[in-house]
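For reference, the structure is listed below as structure tokens.
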Amino acid sequence: MPEGHLIHHIARRHRAGLAGHEIAVSSPQRRFAAEAATIDGQHLDEVDAYGKHLFHRFGRWVVHVHLGQQGTFLWFPSPAPDPRPQVRLRLAAETGAADLIAPSICRLGPRRLRDAIVASLGPDPLREDADVELVRARFASDRRPIGAVLLDQSVLAGVGNVIRTEALFLDGLDPSMPAAALDRPRFDRLWATLTRIMERSAVDGRIVTADGVGRDARFVYKRETCRRCGASVECPIVGGRRMYRCPKEQPAWVSPSHETC
DNA sequence: ATAATATGGTGAT
DNA sequence: TCACCCTATTATC
């Protein structure tokens with residue numbers, strides 16, 4: 001669930017349903033109670049997504065949320081039911097209520113907190129202000145496997161395990177290929193693929209690569225056989241996380257130095 | 001119905 | 001290196 005597409009999906013929902021209103025802020029679970037009291041009743045100025053980070057700005061304050069692996073934001077149009085006891089943060093207006101559950105980060109800070117977080121992140125393909133040239137330059141000087149670089153949030157913000165896996169499949173790239181070995185046309189195509197997957201997934205609220213349900217909604221992620229050609233899918237660990245590769249659709253990268261002789 | 005799993009990143013050890 | 005967060009989704013019975 002929580003890759004960058006979902007954060008943008010949530011931001012769009014909250015922008016439409018909560019921004020511009022005075023918000024009743026509470027913490028049924030109590031772990032955010034003091035902070036909630038500080039901003040309770042204040043005007044929500046804007047909601048912003050950057051990579052996997054979410055920011056709600058209330059005047060000089062900003063609420064910073066990272067969903068981690070299990071975190072989720074539920075949305076209830078009015079009349080919203082009573083929040084379950086596990087709800088860390090509820091943001092409620094006359095239009096509806098958003099309940100935050102099981103985040104890895106939920107904290108209140110000054111506005112500059114957002115700037116500090118953003119400064120640690122690479123460009124986000126889902127943002128208009130994304131600097132593609134900067135990402136291309138970072139790739140060109142990075143000899144780590146491309147599968148690992150795609151997960152590095154300081155290079156590129158918002159891509160997670162499913163999106164990196166499916167994007168590399170769609171572009172026929174071996175995850176273990178060094179990022180620096182990617183030529184310009186293939187980099188540009190990969191950027192376009194990432195942007196397309198993420199934008200469509202941000203609209204739908206779930207990752208969409210292939211048409212289908214469950215595992216059949218993906219080409220290789222969590223599959224035993226390739227959805228396109230039926231070949232047996234490999235499961236290498238790249239960048240510390242398990243990923244999936246079709247050996248036929250994603251032929252092994254061979255170092256140019258070994259080709260000549 | 002019930003159970004296994006992880007589409008992260010942090011902070012403790 | 002590991003525990004944590006305690007969810008929705010998916011698979012299985």
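Reminder, nothing fancy here: chain letters follow the sequence lines and each chain counts from 1.
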- Query: Atom CG of Leu67(A) to atom C1' of dC4(C): distance rounded to whole Å?
  - Reply: 15 Å
- Message: Using a heavy-atom cut-off of 4.0 Å across all strands, would you classify Arg206(A) as base, sugar-phosphate, or nothing?
- Response: nothing
- Message: Rounding to an integer number of angstrom, what distance separates dA11(C) and dT7(B) when you compare their P atoms?
- Response: 15 Å
- Go through the side-chain N and O atoms of His56(A) and Asp48(A) and say whether any donor and acceptor fall under 3.5 Å apart. no
- Message: Less than 3.5 Å apart, any donor N or O on the side chain of Gln29(A) or Arg88(A) sitting next to an acceptor on the other?
- Response: yes
- Note on the structure: Rounded to whole Å, CG of Asn161(A) lies from P of dT5(B) at a distance of 16 Å
- Where the side chain of Ile105(A) is defined as all heavy atoms beyond and including C-beta, which of dT10(B), dC5(C), dT7(B) is the nearest nucleotide? dT10(B)
- Query: Does Ser104(A) or Arg84(A) map to a spot on DNA chain C nearer the 5' end, using the closest nucleotide for each?
  - Reply: Ser104(A)
- Item | First of Pro103(A) and Leu74(A) reached from the 5' end of DNA chain C, by closest nucleotide | Pro103(A)
- Task: Please confirm whether Phe139(A) and Phe187(A) have ring centers closer than 6.0 angstrom.
- Result: yes
- NA contact type, Arg107(A), heavy-atom cut-off 4.0 Å: base, sugar-phosphate, or nothing? nothing
- Note on the structure: Lys52(A) NZ to dT10(B) C1', in whole Å, measures 14 Å
- Distance-only donor-acceptor test (3.5 Å): side chain Gln69(A), base dC5(C): no
- Message: Strictly below 4.0 Å: does Gln70(A) bring a side-chain N or O up to OP1 or OP2 of dG9(B)?
- Response: no
- Note on the structure: From CZ of Arg30(A) across to P of dC6(C) the rounded distance in Å is 16 Å
- For dC13(C) versus dT5(B), give the span between their P atoms, rounded off to a whole number of Å. 13 Å
- Item | Value in whole Å for how far the P atom of dA6(B) lies from CD1 of Ile101(A) | 22 Å
- Query: Using a cut-off of 4.0 Å on non-hydrogen atoms, how would the nucleic acid contact of Glu166(A) be classed: base, sugar-phosphate, or nothing?
  - Reply: nothing
- Task: Would you indicate what Gly68(A) reaches in the nucleic acid, counting non-hydrogen atoms under 4.0 angstrom: base, sugar-phosphate, or nothing?
- Result: base
- Is the His43(A)-His21(A) ring centre distance short of 6.0 angstrom? no
- Message: By the 4.0 Å heavy-atom rule, please label Arg218(A) as base, sugar-phosphate, or nothing.
- Response: base
- Message: Without decimals, in angstroms, what is the distance between Tyr221(A) OH and dT10(C) P?
- Response: 11 Å
- Minimal non-hydrogen separation, Leu151(A) against Asn161(A), with atom names: CD2-N, 3.8 Å
- Query: Using a cut-off of 4.0 Å on non-hydrogen atoms, how would the nucleic acid contact of Ile163(A) be classed: base, sugar-phosphate, or nothing?
  - Reply: nothing
- Query: Should Lys222(A) be listed as having a side-chain N or O under 4.0 Å from OP1 or OP2 of dT10(C)?
  - Reply: no
- Message: Taking only side-chain N and O atoms of Arg241(A), does any of them lie within less than 4.0 angstrom of OP1 or OP2 on dG9(B)?
- Response: no
- For the pair made of CZ in Arg88(A) and C1' in dT7(C), what is the distance, rounded to whole Å? 12 Å
- Query: Does a salt bridge link Asp183(A) with Arg186(A), judged by any charged N lying under 4.0 Å from a carboxylate O?
  - Reply: yes
- Task: Mind calculating the distance between CD (Gln153(A)) and P (dT7(B)) to the nearest angstrom?
- Result: 13 Å
